[in-house]
Number of protein chains: 2
Amino acid sequence: MRKSDRTREAILDAARAMFAEHGYQGTTVRSIAERASIDPSMIIRYFGGKDGLFSLVSKVELGLPKIDPARPGPFGEMLVRHFLDLWEGSGQDMGLVILLRAASTNEAAAERVRTIFREQVLPAAAQLGDPETVETRAGLVVSQLFGFALCRYILAIPPVAAMSRDDIVEYLAPAVELHLFGDGHSNVR
Amino acid sequence: MRKSDRTREAILDAARAMFAEHGYQGTTVRSIAERASIDPSMIIRYFGGKDGLFSLVSKVELGLPKIDPARPGPFGEMLVRHFLDLWEGSGQDMGLVILLRAASTNEAAAERVRTIFREQVLPAAAQLGDPETVETRAGLVVSQLFGFALCRYILAIPPVAAMSRDDIVEYLAPAVELHLFGDGHSNVR
DNA sequence: GGCGTATGTCAACGCTTGTTGACTTTTGCC
DNA sequence: GGCAAAAGTCAACAAGCGTTGACATACGCC
């Protein structure tokens, strides 16, 4: 029982790293096994196969904070910082990077992104602004945040990848608020 | 000489469609051949292989308009419309969608995106605003535009995919100008 | 200490991939 | 009309893929 837990963990770690770096189709069961220093068949035994393993490591819990519309605050800054924590999740997680990278070529992953948008983003956004336009505004915010992540973590476009955490917040927060509230001015800044 | 040109064209059309829809690794030589109703070996004969064919159809010419900094205008709107034309290129092209989709899992495609940023985006942006911050500002604009394309054409997030052309311009242009000029107000609107 | 089960190893499977080379058919020119 | 070259067809290749099942080993409990 003890030994197996350690190899399970090794497989999960290796899988997270490989999927995050090479996507779904670019990652082979054998390459995960080699990185985890175990036999490929263990992956099938413990996780049922490549799909099962991917399902596990690509789970994403955004954990969006519930915001009180009556109590205005620097929503943009809060949101950007929250997502930065998600992207650069300390060691573990990686879920968002894994999912985003795979979603371009794997329909199942894309569907999962849409589900996350529907079940996690929309409810969190529903509390802010005109209910009629929630979907559009949430879509715009996501396109800004995902686009930045794409350029920074996946495409590694030099100036975007080199930006400091504080710069990112400074530049992205106003844009997020612009999308979130529809007009140019946030309700606090 | 005449017949071969038609099959070359058929291969190119099929390849564009398949690469745009399934990415690089998700597209097989055989699937392209089947769609083009030709034999897989023809693809090797005419284009040297899968890589050569992909190189051809993933060529991108942004054709960014040279803008006169002395003559202010609705740069954001212009830019957004220009990119909309690129994404939804009538039949042909598709280059940007193909490249963006492949770039997530194909390092060569990602490198090509970075090259396009360096050789096409940066020079066009260099004429606007503080030269010190050109790279960062250009990176932010690209992250907004690519992010929107990702959500609309690749992830197909419903509200983003459903937006009308005019709505896109209305919502995206201010954000682009915000990134482009650093402050909240464009120099015209 | 011995035994049953959990854990790990190994070779092989069926399949798909990109690519190749030998072959047949069609084309265009004198 | 005949013939060389172009265009297309076909079967097969080596390699890599995810997955499987038979086997060997190590562990934990009575």
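Proteins get letters first, then strands, A, B, ... in listed order; numbering begins at 1 in each. Here the structure is a predicted model, which is why all the values come from computation and not from measurement.
Within the 4.0 Å cut-off from OP1 or OP2 of D/dA7, not a single side-chain nitrogen or oxygen of B/T7 is found. The side chain of A/T28 contributes an N or O atom lying less than 4.0 Å from OP1 or OP2 of D/dC17.
The side chain of B/Y46 has D/dA7 as its nearest neighbour among C/dG8, D/dA7, C/dT19. Closest to the B/S41 side chain, of the nucleotides C/dG8, C/dG18, C/dG21, is C/dG21. Minimum atom distance to the side chain of A/M42 is reached by C/dT9, of the listed D/dG18, D/dC10, C/dT9.
Contact of A/R30 with D/dG16 (side chain to base): no donor-acceptor pair of N or O atoms is detected under 3.5 Å.
As a whole-Å value, the separation of B/D51 CG from C/dT19 P is 6 Å. With rounding to whole Å, A/I32 atom CD1 is found 8 Å from D/dG18 atom P. Per the geometry, CD1 belonging to A/I38 stands 13 Å off P belonging to D/dG18, to the nearest Å. Straight-line distance from the NZ atom of A/K50 to the C1' atom of C/dC15: 15 Å, rounded to whole Å.
A cation-pi arrangement is absent between A/R101 and A/Y153, since the terminal nitrogen or guanidinium carbon is not both under 6.0 Å from the aromatic centre and inside a 45° cone about the axis. A cation-pi arrangement is absent between A/K50 and A/F19, since the terminal nitrogen or guanidinium carbon is not both under 6.0 Å from the aromatic centre and inside a 45° cone about the axis.
Here the CD-CG distance, from B/E135 to B/L140, works out to 12.0 Å after rounding to the nearest 0.5 Å.
B/D166 and B/S164 are not linked by any side-chain donor-acceptor pair at a separation below 3.5 angstrom, with hydrogens and angles left out of the test.
For the pair A/D39 and B/S37, both in contact range of DNA chain D, the more 5′-proximal nearest nucleotide belongs to B/S37.
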